[in-house]
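Notes to accompany the following structure.
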Protein chains: 2
Amino acid sequence: MADTASQGGETLLFLTDEQLRKGIEAMFFAYRGFTADPDRILEHHGYGRAHHRAIHFINREPGLTVTTLLSVLGVTKQSLNRVLRTLIEDGLVESRVGKRDKRERHLYLTDAGGVLERELSGAQRERMRLAYRTAGPQAVAGFRQVLEAMMDPEMRRQYQMLKDTA
Amino acid sequence: MADTASQGGETLLFLTDEQLRKGIEAMFFAYRGFTADPDRILEHHGYGRAHHRAIHFINREPGLTVTTLLSVLGVTKQSLNRVLRTLIEDGLVESRVGKRDKRERHLYLTDAGGVLERELSGAQRERMRLAYRTAGPQAVAGFRQVLEAMMDPEMRRQYQMLKDTA
DNA sequence: CTTGGAAAGTCAACAAGGCTGACATAAAGT
DNA sequence: ACTTTATGTCAGCCTTGTTGACTTTCCAAG
């Protein structure tokens with residue numbers, strides 16, 4: 001940590017293969033940490049990451065359509081549907097027929113869904129908060145900048161669309 | 001991007017739920033980008049991410065034992081073995097019986113394995129290089145600091161052990 | 001030298017969560 | 001009236017994770 005900090009200050013950035021490989025491994029290990037807490041919670045609810053992702057984005061933008069969620073998640077409708085069906089059956093998600101366009105289904109979290117969402121995001125936010133606090137404000141800005149630059153253009157578009165909504 | 005930059009400068013860091021949620025989503029979308037290039041390459045070789053991870057760490061530390069690899073990857077030996085077997089059968093990985101302890105199997109990439117490794121890591125490094133260049137040196141340092149702080153202690157240990165080896 | 005236990009591998013069965021293809025239905029748009 | 005769109009569903013496949021049971025090999029301690 002000490003060396004990365006000094007290196008980020010005023011010195012030049014040497015993009016050696018070694019540097020880049022460390023970044024790659026940092027992503028690998030950090031993503032494991034990132035998903036660890038929700039995974040534990042989901043497990044004794046009988047759900048998986050796919051359910052988490054659906055819940056997250058339905059909470060993020062209540063009333064979004066199935067097609068929108070599909071494109072955000074980047075999976076097939078068959079795959080999403082399997083997850084969505086169980087969430088609806090279990091009473092965590094509600095699917096309402098569209099007012100203007102009755103073909104569309106608008107998705108909302110129920111009260112029970114909201115409870116699970118807060119349980120999941122609470123754990124994840126807590127880890128993120130600790131990481132942010134440990135690393136400091138400058139690090140946080142850099143973190144987001146690099147991640148954003150790492151996205152595919154299409155994903156970046158999705159990310160930025162969601163970015164300033166709430 | 002402009003707002004995250006100014007925010008990271010001298011202003012205080014407000015760890016609002018909204019801020020944290022943006023970090024969470026950034027991880028989600030960035031990880032997709034992070035794995036996209038290797039996934040494409042692996043596909044027309046008939047392999048998956050599990051193969052990539054094995055190849056990466058075998059290349060990283062040639063001669064490591066199966067047990068070591070197991071603990072780095074965090075999967076069961078049955079799961080790893082399935083992947084490892086195909087890689088050995090296909091002549092990308094060589095498994096040598098340990099000299100001192102003949103129970104141990106030491107893993108090495110063959111020439112063909114090295115070729116695929118360079119193809120995979122080349123693509124991934126290129127994306128990382130571009131992201132680093134776009135974000136700048138300060139951002140890179142922050143990126144690594146936050147990721148490191150986000151890891152579980154056990155993973156961080158693994159990461160740091162590998163960190164200064166090469 | 002025998003035996004306990006560690007390291008490695010294997011077989012079987014299962015689940016989650018991706019995928020494709022085919023097909024059905026309702027509603028909107030032309 | 002016809003086409004397109006949004007959604008859902010059935011069937012089947014693959015990868016990659018899991019558990020449990022079992023074997024073989026071999027080091028090391030008694």
Side-chain angles (χ1 to χ4, degrees), chain A residues 28 31-32 35-36 38-58 63-90 93-108, chain B residues 28 31-32 35-36 38-58 63-90 93-108:
Chain A
F28 172 68
Y31 198 77
R32 287 239 302 257
T35 55
D39 282 355
R40 265 189 294 276
I41 295 166
L42 290 159
E43 198 180 0
H44 48 74
H45 285 262
Y47 295 126
R49 271 184 214 177
H51 300 84
H52 184 191
R53 293 193 287 263
I55 287 172
H56 175 96
F57 286 106
I58 293 172
L64 89 176
T65 66
V66 172
T67 308
T68 306
L69 184 53
L70 233 39
S71 81
V72 170
L73 295 177
V75 297
T76 60
K77 65 173 175 177
Q78 293 91 330
S79 202
L80 174 59
N81 211 257
R82 182 166 36 195
V83 164
L84 225 39
R85 204 185 324 164
T86 72
L87 289 175
I88 292 169
E89 279 169 7
D90 296 353
V93 168
E94 194 190 347
S95 166
R96 297 186 205 153
V97 173
K99 277 219 145 61
R100 289 186 336 206
D101 188 334
K102 293 178 191 165
R103 291 170 305 178
E104 293 178 345
R105 302 300 144 94
H106 298 269
L107 303 169
Y108 300 86
Chain B
F28 173 68
Y31 198 77
R32 288 241 301 258
T35 55
D39 282 355
R40 266 189 293 277
I41 294 166
L42 289 158
E43 199 182 0
H44 48 74
H45 285 262
Y47 294 127
R49 271 185 213 175
H51 300 84
H52 182 191
R53 293 195 285 264
I55 288 171
H56 175 95
F57 286 107
I58 293 171
L64 89 175
T65 65
V66 171
T67 307
T68 306
L69 184 53
L70 232 40
S71 80
V72 171
L73 295 178
V75 297
T76 59
K77 65 176 172 176
Q78 293 90 333
S79 198
L80 174 60
N81 209 258
R82 182 167 37 200
V83 164
L84 226 39
R85 203 187 325 163
T86 70
L87 290 175
I88 292 169
E89 279 170 6
D90 297 354
V93 167
E94 194 189 347
S95 165
R96 296 186 206 152
V97 173
K99 279 221 143 63
R100 288 187 336 207
D101 187 334
K102 292 176 189 165
R103 291 168 304 180
E104 295 179 344
R105 302 299 143 96
H106 298 269
L107 303 169
Y108 300 86

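Residue numbers begin at 1 in each chain, while the letters A, B, ... track the order of the sequences. None of these values were measured; they are calculated from a predicted model.
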Original post:
Given atom CZ of A:R53 and atom P of C:dA16, what is their separation to the nearest angstrom?
Top reply: 14 Å
Is there any protein nitrogen or oxygen under 3.5 Å from a nitrogen or oxygen in nucleotides 28-30 of chain C, and what are the pairs?
| from | atom 1 | to | atom 2 | distance (Å) |
| --- | --- | --- | --- | --- |
| C:dA28 | OP1 | A:R100 | O | 3.1 |
| C:dA28 | OP1 | A:K102 | N | 3.1 |

Atom pairs and distances, side-chain donor-acceptor, residues 47-54 of chain A, under 3.5 Å, sequence neighbours left out:
| from | atom 1 | to | atom 2 | distance (Å) |
| --- | --- | --- | --- | --- |
| A:Y47 | OH | A:D90 | OD2 | 2.4 |
| A:R49 | NE | A:D39 | OD1 | 3.2 |
| A:R49 | NE | A:D39 | OD2 | 3.2 |
| A:R49 | NH2 | A:T35 | OG1 | 3.1 |
| A:R49 | NH2 | A:D39 | OD2 | 2.9 |
| A:H51 | ND1 | A:G48 | N | 3.0 |
| A:H51 | NE2 | A:T86 | OG1 | 3.3 |

Original post:
Are B:V75 and B:V83 close enough that some pair of their side-chain heavy atoms sits under 4.5 Å apart?
Top reply: no
Original post:
How close or far is atom P of D:dG17 from atom NE2 of B:H52, stated in whole angstroms?
Top reply: 14 Å
Original post:
Hey, does A:H106 have a side-chain heavy atom less than 4.5 Å from the side chain of A:L64?
Top reply: no
Enumerate all atom pairs, one protein N or O and one N or O from nucleotides 9-15 of chain C, separated by less than 3.5 Å.
| from | atom 1 | to | atom 2 | distance (Å) |
| --- | --- | --- | --- | --- |
| C:dG9 | N7 | B:K77 | NZ | 3.2 |
| C:dG9 | O6 | B:K77 | NZ | 2.5 |
| C:dT10 | OP2 | B:N81 | OD1 | 3.0 |

Subject >> Distance in angstrom units between B:L69 CG and C:dA7 P, rounded >> reply: 15 Å
**OP:** For C:dC19, take OP1 and OP2 only and decide whether either is under 4.0 Å from a side-chain N or O of A:T76.
**Re:** yes
Original post:
Between A:H106 (NE2) and D:dA6 (C1'), how many Å, whole number?
Top reply: 11 Å
**OP:** Report the residues that fulfil salt bridge (charged side-chain N to carboxylate O under 4.0 Å, His left out) with A:R40, sequence neighbours left out, ordered by chain and then residue number.
**Re:** A:D37
**OP:** Answer with base, sugar-phosphate or nothing: what part of the nucleic acid does A:H51 contact at a heavy-atom distance below 4.0 Å?
**Re:** sugar-phosphate
Original post:
Taking atom P of C:dA16 as reference, at what distance in whole Å does atom CG of A:L80 sit?
Top reply: 16 Å
**OP:** List for me each residue that meets side chain to side chain donor-acceptor pair (under 3.5 Å) alongside A:E94, sequence neighbours excluded, and say none if there are none.
**Re:** A:R96
Original post:
Taking only side-chain nitrogens and oxygens of B:S79, does any of them come within less than 4.0 Å of OP1 or OP2 of D:dT16?
Top reply: no
Original post:
Partners of A:I41 by side-chain contact (heavy atoms from CB on, under 4.5 Å), sequence neighbours excluded?
Top reply: A:H45, A:L116, A:E119, A:L120, A:A123
Original post:
In whole angstroms, how far is the C1' atom of D:dT18 from the CG atom of A:D39?
Top reply: 14 Å
Original post:
Partners of A:R103 by side chain to side chain donor-acceptor pair (under 3.5 Å), sequence neighbours excluded?
Top reply: A:D101
**OP:** Can you sort out the partners of B:T76 under side chain to side chain donor-acceptor pair (under 3.5 Å), two or more places apart, ordered by chain and number?
**Re:** none
Original post:
Who passes side chain to side chain donor-acceptor pair (under 3.5 Å) against A:T68, sequence neighbours left out?
Top reply: A:T65
